[in-house]
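Accompanying notes for the structure given below.
Values in this document were obtained by computation on a predicted structure and should not be read as measured data.
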Amino acid sequence: MKVKDVMTKEVKWVEVPGSRSDALDLLRKLGVSAVPAVKRGTDELVGMVTLRKLFEHPDEDQLAMLVDREVPTVTPDENIEEAAMKFLKSGVRRMPVLKDGKLVGVITVRDIVYRAIAELGIERPASDLMRKHVFVVWEGTPIRAAIEIMDLAGFRGLPVINENGAMVGIIDDYDIIKVSDVEVGSKVSQMAGRSEGDSWTWDSEDRVYITKSMLKVPDKLVKDVMTKELVTITRKTPISRVAQLMKQNKVEQTPVVSSEGKLVGIVRDIDLLRALTE
């Protein structure tokens, strides 16, 4: 299977020269965390513009100064295995697709999981790819503390346990944003250890980043906002089945449970790419 078989061909981009507002407007309109930047009047790729870069440089208005130019790229005729390797090596979740130096598409981690791995009939068990060390949060934890824990753990969602250690739900930044309000202002917060503030915006996987405005988090506990309907798998669940469940439920991670229902690990969508590279 080739990149061209799974990539998104209808691509929106910003043009250089341009302004930060051009990029912000498009990012918000599309609900993504990064968009390609091309040279004005051409399809020639300049780089990628990310929300993170915009928020790290709030006083820079020239788009050319905000473009990440050293970004991994793929061609339409590369195998998806090669694309998977680049995702795993770089840690990015989307890459421009170039043909003869021109931008012809974008490929994401989700594209490969949904359109390839879910369809390939891979019978390898989830236990081969699961992360055994799992960060969890107690259901009685205040939401503000949960935000801090998620940031320190480096996860956008965490399983939730009760006082007996049983898994009772999962919380992610989508659950938090649904019950929070955003106030735009000049105050810079140190919440979650970030230096550029603490409001929220969406990224390409319907997730959240902390930015420069003010996030008003209600005085609620994790159990008040968590998702209780869990999508779980076992160690023996075939990898393609895991990908299908992620696609059907629009999630990017699935807890792994034992026959007794005990949490024993977790599989993230990017972990599934290893099935194509190992």
Side-chain angles (χ1 to χ4, degrees), residues 6-8 27 30-34 50-52 80 83-95 106-120 122 124 126-137 146-147 149-160 167 169-178 192 200-210 222 225-235 237-257 263-277:
V6 301
M7 73 183 192
T8 299
L27 288 165
L30 299 178
V32 300
S33 65
T50 66
L51 282 170
R52 182 64 59 84
I80 58 170
M85 183 66 74
K86 290 182 180 180
F87 276 124
L88 290 168
K89 184 177 180 180
S90 66
V92 302
R93 291 188 62 85
R94 56 177 48 213
M95 289 189 291
V106 169
I107 187 172
T108 68
V109 170
R110 182 170 286 186
D111 289 334
I112 296 179
V113 172
Y114 287 8
R115 300 174 185 172
I117 295 176
E119 305 298 329
L120 288 175
I122 301 173
R124 187 176 173 187
S127 58
D128 286 355
L129 302 180
M130 78 176 190
R131 299 168 184 249
K132 298 180 181 179
H133 302 289
V134 185
F135 293 92
V136 299
V137 63
I147 293 172
I149 294 169
M150 289 163 64
D151 185 72
L152 291 172
F155 283 79
R156 296 172 184 170
L158 296 175
V160 181
M167 186 171 57
I170 192 164
I171 185 170
D172 62 20
D173 36 28
Y174 178 70
D175 296 316
I176 295 171
I177 197 65
K178 286 191 298 185
W200 301 79
T201 188
W202 303 106
D203 81 0
S204 60
E205 308 306 323
D206 292 333
R207 295 297 182 259
V208 174
Y209 281 114
I210 296 176
V222 166
V225 304
M226 69 182 186
T227 298
K228 298 178 182 179
E229 296 76 24
L230 289 170
V231 179
T232 63
I233 59 175
T234 70
R235 292 184 179 94
T237 303
I239 286 171
S240 284
R241 179 55 182 159
V242 177
Q244 292 165 7
L245 289 170
M246 288 182 175
K247 180 178 180 179
Q248 292 167 9
N249 295 278
K250 296 182 179 179
V251 296
E252 65 177 43
Q253 58 186 354
T254 52
V256 183
V257 298
L263 178 67
V264 294
I266 199 162
V267 174
R268 301 174 67 189
D269 57 358
I270 197 168
D271 297 328
L272 297 182
L273 301 190
R274 290 166 45 206
L276 301 175
T277 63

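- In this structure, Ile80 CD1 and Leu276 CG are separated by 5.0 Å, a value rounded to the nearest 0.5 Å.
- Smallest separation of non-hydrogen atoms from Val251 and Leu245: CG2-O, 4.5 Å.
- A heavy-atom distance below 4.5 Å is not found between the side chains of Met150 and Ile147.
- Taking 4.0 Å as the cut-off between side-chain N and carboxylate O, Asp128 and Arg274 do not count as a salt-bridged pair.
- Listed here is the closest heavy atom pair of Pro159 and Met167: CB-SD, 3.9 Å.
- With a 4.5 Å cut-off on side-chain heavy atoms, Glu229 and Asn249 do not count as touching.
- The distance from the CG atom of Asp172 to the OG1 atom of Thr227 is 6.0 Å, given to the nearest 0.5 Å.
- A donor-acceptor distance shorter than 3.5 angstrom exists from the side chain of Ser240 to the backbone of Ile117, with no hydrogens or angles considered.
- The heavy-atom pair separating Ile122 from Pro238 by the smallest distance is O-CB, 3.6 Å.
- We find the CE-OG1 distance between Met95 and Thr108 to be 9.5 Å, quoted to the nearest 0.5 Å.
- From Thr277, atom OG1 reaches atom NZ of Lys89 across 12.5 Å, with rounding to the nearest 0.5 Å.
- In plain terms, the two heavy atoms of Ala153 and Phe135 that are nearest each other are CB-CG, 3.6 Å.
- Arg131 pairs with exactly one of Val256, Val267, Ile266 by the side-chain contact (heavy atoms from CB on, under 4.5 Å) rule, that one being Ile266.
- Taking 4.5 Å as the limit, every side-chain heavy atom of Val231 sits out of range of all side-chain heavy atoms of Gln248.
- Residue Leu272 holds its CG atom at 10.5 Å from CZ of Arg124, rounded to the nearest 0.5 Å.
- Across Ala126 and Val242, no two heavy atoms sit closer than the pair CB-CG2, 4.1 Å.
- Counting heavy atoms from C-beta on, the side chains of Thr8 and Arg94 never come closer than 4.5 Å.
- Within the 4.5 Å cutoff, the side chain of Thr254 has heavy atoms near those of the Met246 side chain.
- In this structure, the separation between CD1 on Ile270 and CG on Leu88 is 5.5 Å, given to the nearest 0.5 Å.
- Residue Thr237 comes nearest to Ile233 through the heavy atom pair OG1-CB, 3.5 Å, listed as atom of the first residue, atom of the second, then distance.
- With sequence neighbours excluded, the residues that form a salt bridge (charged side-chain N to carboxylate O under 4.0 Å, His left out) with Arg115 are Asp111.
- Using a 4.5 Å heavy-atom cutoff, the side chains of Leu230 and Val257 are not in contact.
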